[in-house]
Asker: 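My questions will all concern the structure given below.
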Amino acid sequence: MLWLLLLLPLRTLGAFEKTLGVSPDLISKYVPSKSNTWTCLDGSKTISWDDVNDDSCDCADGSDEPGTGACPNQPFYCKNEGHIGSFIPSSRVRDGLCETSCCDGSDERPGVCGNVCQEVGQAYKKKVEEEMKIRKTGAKIRSTYIAYAHKEKKRLDGVIESSAAEIAIQEKEVSRLRDIAERAESLSAAALELKQQSPLYISLITHSNALKSLQREHKKHLEREKELSNILDALRTGYNPNYQDMAVLEAVRGWEEIAGLPHINDVGKDSVSDEEAGVQEDTSSAVVETNEELDDEMWSAEELDKDLDDLLNSDYVSLLLEHDEYVQSPPEGSVLFNLASYLPDSILPQYEEFRDALTTWLVTLGVIKGETPSSTDTSRSRQALTDAENNLNSLKKEKQTAENDLKEIFNIHGYGYEGEWKKLDGTCLRTDVGDYTYEVCLFGEAKQIPKKGGSTFSLGKFASWNPSTDVKPGDESYYQKQIYNRGTRCWNGPERNVVLLLSCGTENVLNSVVELEKCEYQFTGTTPALCRPLDGSEGKDGKKSYGGKDEL
């Protein structure tokens, strides 16, 4: 019985050696049968259990030697208790070199490599905790970027809606002005001159000239009033009341009443500030206005100041033509007798030919006036139409730009699935290296700027996110690389270009610049936009945010 007790540890040790290098997901398959045999994992052969991990490759798939390195191209699993398990190639097993990936030293014979997994694990854990702290802080900043994207979407929706309404109004205005311009261009000079002799047009011009004259005189009076108020202010603060000059006192009292100021003797001169004494910087604006009630049609002083110039710049020729059209248009609900509308189509051409001939004959006899084909001065009408068309085009461009920007906010190929990159559009990052300052404006352009003067070179403009076919758009790795190309061509070389590598950080910073090959640069930097939530919280439409907790 004693020999059984002695044999038990040996078998236990043997079982342990047989499973050396086996990954946890395959450990259950490394168990001998009742007859002490074992079948290769590919099922191609059954061997003795003693032949497993005996440093001789028996199975075609190499599964019988997971821990010796006898079979080529096999993975060896290091348990690394206290740290993280990892795989190394079988070619590195028992080669006399201690692999850093196998901190427990299991890849070599006992005694060759020490077990340092506790120290390595503690250092790794500390590093991960620091990274998680950075990621947690960065994720909070990233959430503000996402909030900005939603706010920007709301703003753009408003711009699109308001632009659409303004475009509809402006299109009607353009149509109206085009009709006026076309009618003005069709009029003869004599016909337009005749219309301008109408009492209405002459009255409009007279009223306009009168308003311009009143405006000119009003401005003169305002300037004179300002000068007088300055004189009275100087008199109020500088006169000596001890002289008892009643004329001066009466003038001061009168000005104080008109300007709504306290009496200077009541507030003092030297001991009280002008603000405390009620003295205004521009006392001309402090004059008490009368509480005269204005009729609904009357203009206020503010309207006179802001809107009078626009009224005086009215296009009276266009107004005259509009009035002429209005007078000639039929009243609503009336029916005009139009002979052509009652004639059958078969005789309509003969009728129109007869009508034109009759009109020409009446003009020749002087019975009615005809229009000469001479052109008229329609520049103001045409300019008004041009201005309206330019305004319409500007509104359409603004709407189109807003629509394009809106499409990019939550586009995985643009500013990201959650719009986290929109906030950084145009953000410029800089760092100094040697005699140069390197700058990259995200989604814009990268530059090399000399510190001591000289030419600034373009290193390329933003072209795309990570273009690798192994990376799926929208994944975290997709946003860890930006490509900037088509920069200034190097002398006797290619065009400059930049690969920007980004990682999670609490700040938007450019850390390093390296010229890997001639005119090919690699920038590295950090940004909160890459700090995805640690808890794997769900984003838009119930989809998981990127990232998640790292395993120790």
Side-chain angles (χ1 to χ4, degrees), residues 152 155-219 222 296-330 332 371-407:
E152 186 67 5
R155 184 189 70 81
L156 291 173
D157 284 335
V159 170
I160 294 171
E161 183 178 355
S162 60
S163 296
E166 292 179 19
I167 288 173
I169 295 173
Q170 193 64 21
E171 284 177 339
K172 293 180 180 178
E173 179 67 6
V174 168
S175 178
R176 183 184 69 85
L177 292 175
R178 180 178 289 109
D179 183 58
I180 292 173
E182 290 174 353
R183 285 189 290 108
E185 291 172 353
S186 67
L187 285 174
S188 66
L192 183 58
E193 183 178 356
L194 178 63
K195 291 180 181 294
Q196 290 175 328
Q197 293 174 0
S198 69
L200 175 61
Y201 183 78
I202 294 174
S203 178
L204 285 174
I205 298 300
T206 302
H207 280 75
S208 176
N209 292 334
L211 282 174
K212 289 180 181 178
S213 301
L214 286 172
Q215 186 186 48
R216 182 183 65 249
E217 294 301 319
H218 176 63
K219 290 181 179 179
L222 288 178
D296 293 339
E297 295 81 6
M298 296 180 66
W299 284 27
S300 64
E302 183 179 358
E303 290 174 319
L304 286 172
D305 183 52
K306 293 183 177 180
D307 301 333
L308 186 57
D309 286 335
D310 291 336
L311 181 64
L312 293 175
N313 291 328
S314 299
D315 186 351
Y316 293 107
V317 173
S318 296
L319 289 174
L320 178 64
L321 296 175
E322 286 186 79
H323 176 264
D324 184 53
E325 181 184 10
Y326 175 79
V327 171
Q328 294 180 5
S329 62
E332 185 177 353
E371 295 183 355
T372 61
S374 60
S375 62
T376 63
D377 182 13
T378 60
S379 59
R380 296 186 68 181
S381 299
R382 180 55 62 178
Q383 184 60 47
L385 173 61
T386 301
D387 292 342
E389 288 176 335
N390 290 338
N391 189 24
L392 177 60
N393 291 334
S394 178
L395 289 172
K396 289 182 176 180
K397 184 177 180 181
E398 181 182 4
K399 181 174 178 287
Q400 184 63 47
T401 300
E403 289 174 341
N404 293 338
D405 289 345
L406 185 60
K407 292 178 182 177

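The figures here come from the full heavy-atom set of this structure, side chains too, leaving out hydrogens, waters and symmetry mates.
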Asker: Taking atom types as modelled and ignoring hydrogens, do the side chains of Q383 and D387 form a donor-acceptor contact shorter than 3.5 angstrom?
Answerer: yes

Asker: Could you state the interatomic distance from CG (L406) to CD1 (I160), rounded to the nearest 0.5 Å?
Answerer: 5.0 Å

Asker: What closest approach, in Å, do V174 and L392 show between heavy atoms, and which atom pair accounts for it?
Answerer: CG2-CD2, 4.0 Å

Asker: How about K396 and E171: do any of their side-chain heavy atoms sit closer than 4.5 Å?
Answerer: yes

Asker: For the residue pair K397 and N393, establish whether any side-chain heavy-atom pair is separated by less than 4.5 Å.
Answerer: no

Asker: Is the closest basic N to carboxylate O distance between E403 and K399 below 4.0 Å?
Answerer: yes

Asker: Working to the nearest 0.5 angstrom, can you tell me the gap between R216 CZ and L211 CG?
Answerer: 12.0 Å

Asker: Might you confirm whether atom CD of E161 has over 12 heavy atoms from other residues, nucleotides or ligands at distances under 6.0 Å?
Answerer: no

Asker: Over all heavy atoms of both residues, which pair between L177 and A384 is shortest? Give the atoms and the distance, please.
Answerer: CD1-O, 3.5 Å

Asker: Can you tell me how far apart CG (L395) and CG (N390) are? Round to the nearest 0.5 Å.
Answerer: 11.0 Å

Asker: Distance check, rounded to the nearest 0.5 Å: H207 atom NE2 versus L214 atom CG?
Answerer: 11.0 Å

Asker: Write down the atom of A388, the atom of Q170, and the distance for their closest heavy-atom approach.
Answerer: O-NE2, 3.1 Å

Asker: Kindly compute the distance separating CZ (R178) from CD (E173), expressed to the nearest 0.5 Å.
Answerer: 11.5 Å

Asker: From S394 OG over to E166 CD, what is the distance, rounded to the nearest 0.5 angstrom?
Answerer: 9.5 Å

